[in-house]
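Structure first, commentary second.
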There are 2 protein chains.
Amino acid sequence: MGTLPTPAPPCDPRVARSRAKLLAAATEILIETGPSSVTVDAVAERSGVAKSTLYRHWESRSALLVDVLRTHRPEVSEPRLDLGFEAALRQQIDHLATQLSDPEWGRILPALFALTQQFPEVADLEECDREEKMASVRTILDLGVAEGRIAPGYDPTLMMTTLVGPIMMCALIRQSDRAHEVAHAALDAFFALHPPRG
Amino acid sequence: MGTLPTPAPPCDPRVARSRAKLLAAATEILIETGPSSVTVDAVAERSGVAKSTLYRHWESRSALLVDVLRTHRPEVSEPRLDLGFEAALRQQIDHLATQLSDPEWGRILPALFALTQQFPEVADLEECDREEKMASVRTILDLGVAEGRIAPGYDPTLMMTTLVGPIMMCALIRQSDRAHEVAHAALDAFFALHPPRG
DNA sequence: CATCAACGATACGATACAGTATCGTTCTAC
DNA sequence: GTAGAACGATACTGTATCGTATCGTTGATG
């Protein structure tokens, strides 16, 4: 539920360099052939960093894998409540589409959902990510209530799913390039159901 | 694209029995701890069927894994075009929600997307499944065109994603029990954007 | 420039897993 | 009831992988 801690940035440039190389290599492998191919030996070889160094930075393979997911997790932007309900929601969902249309994250996403069953830390990560998104959308929907366009007892999960689901599916079926179109369509439908002065 | 062949049903009841036991065990393990836990030894032990028997039915671990996915893949129902556009689409999407709200399939789904990168056969399976759904929805949307509610040059992928995405997300975030609500909300929004006599 | 931490290379042990092979047993089908 | 297929049990090989240990080298920092 809380915020997931990020380790303090290391002083020695060597550790930052090898850490970055290892994370990059692990990400590449994850994207190309899936989580089970992210082995310590494979990551070490591709990164050009020794295996012993890897174990100086992560205590296990799974810790590295989780870190790959956490590192690439997109940050949610602050809602632009000053724009008013409709524009703010459009802006926020469109921003989400931008993040999900990043081809890297789009190919990490399936692994995130699948690894949820295997590693509790990944489940926490997914839940945290989702709740962050939810919270930001909720503040916008509350503005919608104030503007009289959303019923006060609205169901945030329901609306969140309706708006974000299409974009997520877009990424999962490897059509990330159409994320913005899809987001636009979902928004149009949503606002058709919740018209001004409703 | 084409139809994926199903092997002819075996005559000997023994092979049907051991096949079923192995598939059931593999499914359980897949659901509980993910694809990488579906090992030959684990499946054999849990099913109570000998490993040698497993290899008499599948030529490799991955063949078994793919078969688990294929076996549980929901069938798409025939569109009820006689109901008219709106009722037919509602019926079809609601049916999809029923299938995706099956807790088993809901927990297999993430594995399906993740294994896409690793096994081409899984990618084919996913694509085939999606195109089946798409085809059935398209016939209904074509009816919508005839009824003057959908523009003739409509984008089937776009609309499909808008309608199915929310349900799929529902399954992925382990809220399968709310699939019907979500489907209903997505449909309401969709029809608000495409009102009668448009 | 001297110290010491980080690194590279590599070997190693332990284990898990895929897939093969063998052989005696059981059950189906005719 | 009998022939043959399916099955169970188990041992075995080879390999992949995780994680540890060692030690000489490099490079950052004071």
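All chains are named by letter (A, B, ...) in the order of the sequence lines, taking the proteins before the strands, and each is independently numbered beginning at 1.
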5' to 3', nucleotides 13-24 of chain C under a 4.0 Å protein heavy-atom cut-off (B base, S sugar-phosphate only, - none) gives ----SBBBB---

Scoring nucleotides 24-30 of chain D by protein non-hydrogen atoms under 4.0 Å (B base, S sugar-phosphate only, - none) yields --BBSS-

If you apply the rule salt bridge (Lys or Arg N to Asp or Glu O under 4.0 Å), what do you find for B/Asp188 with B/Arg90, and how did you get there? CA-CA 9 Å; B/Asp188 285 346; B/Arg90 282 191 184 275; 2.9 Å; yes

Kindly say if A/Thr53 contacts the phosphate of C/dG8, meaning a side-chain N or O under 4.0 Å from OP1 or OP2. yes

Does A/His57 have a side-chain nitrogen or oxygen under 4.0 Å from the phosphate oxygens OP1 or OP2 of C/dA6? no

Starting from the C-alpha separation in whole Å, work towards a yes-or-no answer on side chain to side chain donor-acceptor pair (under 3.5 Å) for A/Ser36 and B/Gln118. CA-CA 9 Å; A/Ser36 67; B/Gln118 199 171 356; 2.9 Å; yes

Measure the distance from CG on A/Leu64 to C1' on D/dC18 and round it to the nearest whole Å. 13 Å

With a 4.5 Å cut-off on side-chain heavy atoms, are B/Glu78 and B/Ser136 touching? no

For a quick check under 3.5 Å, do A/Gln175 and B/Thr157 share a side-chain donor-acceptor pair by atom type? no

CG/A/Leu141 to CE/A/Met134 distance, rounded to the nearest 0.5 angstrom? 10.0 Å

Verify the neighbour count for atom CD of B/Glu45: are there more than 12 heavy atoms of other residues, nucleotides or ligands below 6.0 Å? no

Indicate whether the side chain of B/Gln99 and that of B/His95 have a donor and an acceptor atom separated by less than 3.5 Å. yes

Please step through salt bridge (Lys or Arg N to Asp or Glu O under 4.0 Å) for the pair A/Asp142 and A/Arg138, ending with a clear verdict. CA-CA 6 Å; A/Asp142 285 339; A/Arg138 206 192 313 243; over 6 Å; no

